[in-house]
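Reviewing the structure listed below.
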Amino acid sequence: MKVGDRVRVKESVVVYHHPEHKGQAVDIQGTEGEVAAIVTQWNGRPVSANFPILVQFSKKFKAHLRDFELEII
């Protein structure tokens with residue numbers, strides 16, 4: 001995967017920060033978005049992020065996910 005790829009969440013992933021459902025559990029399985037970034041550095045230092053792929057689903061909703069939770073469309 002690379003920045004700009006269209007992806008779909010193929011695994012069941014529950015998030016609590018969805019802007020339309022603040023504080024509630026929301027399963028985003030099947031949701032489509034675009035890879036916004038691959039996190040490999042923070043403040044100029046290399047990191048080994050647990051959830052390295054940042055996906056932009058809508059204007060207000062982003063989530064960090066693992067590669068096996070996503071499929072390229």
Side-chain angles (χ1 to χ4, degrees):
M1 272 179 243
K2 61 187 182 306
V3 174
D5 283 350
R6 292 285 303 165
V7 293
R8 179 182 304 122
V9 180
K10 67 178 183 178
E11 301 281 325
S12 178
V13 178
V14 177
V15 297
Y16 292 87
H17 67 282
H18 195 284
E20 296 172 10
H21 308 281
K22 286 277 188 186
Q24 299 174 358
V26 177
D27 189 355
I28 60 171
Q29 183 175 10
T31 307
E32 296 180 5
E34 183 175 311
V35 175
I38 308 291
V39 179
T40 57
Q41 291 190 10
W42 184 72
N43 287 342
R45 298 183 315 191
V47 296
S48 58
N50 293 332
F51 301 93
I53 302 170
L54 178 62
V55 180
Q56 178 88 39
F57 292 105
S58 67
K59 188 175 182 180
K60 294 183 177 184
F61 179 51
K62 294 181 187 177
H64 287 269
L65 301 167
R66 297 179 185 129
D67 58 350
F68 66 84
E69 296 173 327
L70 300 168
E71 62 184 351
I72 297 175
I73 308 177

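Scope of the values below: all heavy atoms of this structure, side chains included, with no hydrogens, waters or symmetry mates. We count residues from 1, following the sequence as given. This one's a predicted model, so the numbers in the text were calculated from it and none came from an experiment.
Closest approach of Lys60 to Pro19, counting heavy atoms only: O-CG, 3.8 Å. When every heavy atom of Asp5 is checked against every heavy atom of Lys2, the shortest pair comes out as OD2-N, 3.0 Å. Taking every heavy atom of both residues into account, Leu70 and Lys10 meet most closely at O-CE, 3.8 Å. Closest heavy-atom contact between Asp67 and Met1: O-CE, 3.7 Å. The nearest pair of heavy atoms linking Val3 to Ala37 is CG2-CA, 3.9 Å. Heavy atoms only, all atoms of each residue included: Leu54 and His64 are closest at CD1-NE2, 3.6 Å.
In this structure, NZ in Lys62 is found 12.0 Å from CZ in Phe57, a value given to the nearest 0.5 Å. One finds the OG1 atom of Thr31 at 7.0 Å from the CZ atom of Phe61 (value rounded to the nearest 0.5 Å). Distance check, rounded to the nearest 0.5 Å: CD of Gln56 to CD of Glu34 gives 8.0 Å.
Side-chain atoms of Asp27 come within 3.5 Å of backbone N or O of Val13 as a donor-acceptor pair.
In the hydrophobic clustering of ILVMFWY residues, with side-chain heavy atoms under 4.5 Å counting as a link, Ile38 and Ile72 come out together. Note: the hydrophobic cluster containing Val15 also contains Val7 (ILVMFWY, side chain heavy atoms under 4.5 Å, direct or indirect links). Taking hydrophobic clusters as Ile, Leu, Val, Met, Phe, Trp and Tyr residues chained together by side-chain heavy-atom distances below 4.5 Å, Val9 shares a cluster with Val26.
Heavy atoms of other residues, nucleotides or ligands lying less than 6.0 angstrom from CZ of Phe68 number more than 12.
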